[in-house]
Amino acid sequence: MSEAQLRGLVGWTVEDAPPEARAGRVLRAVLHAVSTVVTLGADAAAGARRPTWTVPADPAAHRDLGSVRLHWPSPAPGEPVAAAREGVWAVAPGRPPRELPVRSWQVVRAVPGTGSRRPRQAGAPWRLEVTDGTGTGSLTGARLALVSIGSLAGWPEPAGPGAGT
């Protein structure tokens with residue numbers, strides 16, 4: 001599945017990128033390809049790729065949501081998060097994946113990344129502050145990745161940037 005297909009699966013607002021942003025992405029992709037060839041792939045290993053937003057046919061297979069991190073509790077170091085159509089997991093290196101109880105969490109606040117002129121685009125950086133009623137943490141990543149997790153969890157879309165539910 002593509003970004004458009006993933007967007008069709010979620011109930012939150014994700015806006016289209018304007019033509020100049022799409023042109024900029026194409027230019028960045030060309031420059032990244034040239035850089036990869038020139039550096040013999042050295043920057044490819046540095047995590048400089050964009051997510052493909054794929055949704056595998058297998059409901060248990062992880063989606064490519066790019067870099068999503070969980071900070072629980074909030075001041076804790078972030079750990080990588082993976083999601084499938086059936087659940088969400090913390091996938092810290094060197095530890096077994098642990099399922100996250102996202103369905104029991106609530107969004108306290110939704111904050112777009114700094115400098116984002118179009119915060120509701122798929123790749124715009126966001127932070128969702130969440131609570132389980134006793135503790136508070138945050139999920140950070142691209143809007144479409146967090147929207148995908150929020151839709152799976154059954155969270156209502158926050159009213160707007162900076163708003164809570």
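Between Arg109 and Val111 the shortest side-chain heavy-atom distance falls below 4.5 Å. Taking the side chain as every heavy atom from C-beta outward, Val147 and Trp126 never approach each other to under 4.5 Å.
Looking at every heavy atom in both residues, Glu79 comes nearest to Ala92 through OE1-CB, 3.6 Å. When every heavy atom of Arg69 is checked against every heavy atom of Val81, the shortest pair comes out as C-CG2, 4.0 Å. The two residues His71 and Pro77 come nearest to each other via the heavy atoms ND1-C, 3.6 Å. What you find for Arg98 and Leu70 is that their closest heavy atoms are NH2-CD2, 4.4 Å. Here the closest non-hydrogen pair linking Ala145 and Val68 is CB-CG2, 3.5 Å. In plain terms, the two heavy atoms of Arg103 and Leu152 that are nearest each other are NH2-CD1, 3.5 Å.
With rounding to the nearest 0.5 Å, the separation of CG in Leu146 from CG in Leu128 is 4.5 Å. Atom OG of Ser148 and atom CZ of Arg85 lie 10.5 Å apart (nearest 0.5 Å). Once rounded to the nearest 0.5 Å, the distance linking CG of Leu65 with CG of Leu144 reads 7.5 Å. Taking CH2 of Trp155 as the start and CD1 of Ile149 as the end, the distance is 7.0 Å to the nearest 0.5 Å. Distance check, rounded to the nearest 0.5 Å: CH2 of Trp72 to OG1 of Thr131 gives 5.5 Å.
We find that Arg143 and Glu157 are joined by a salt bridge, their nearest charged nitrogen and carboxylate oxygen being less than 4.0 Å apart.
Checked by atom type and distance alone, the side chain of Ser104 pairs as donor or acceptor with a backbone atom of Pro101 at under 3.5 Å.
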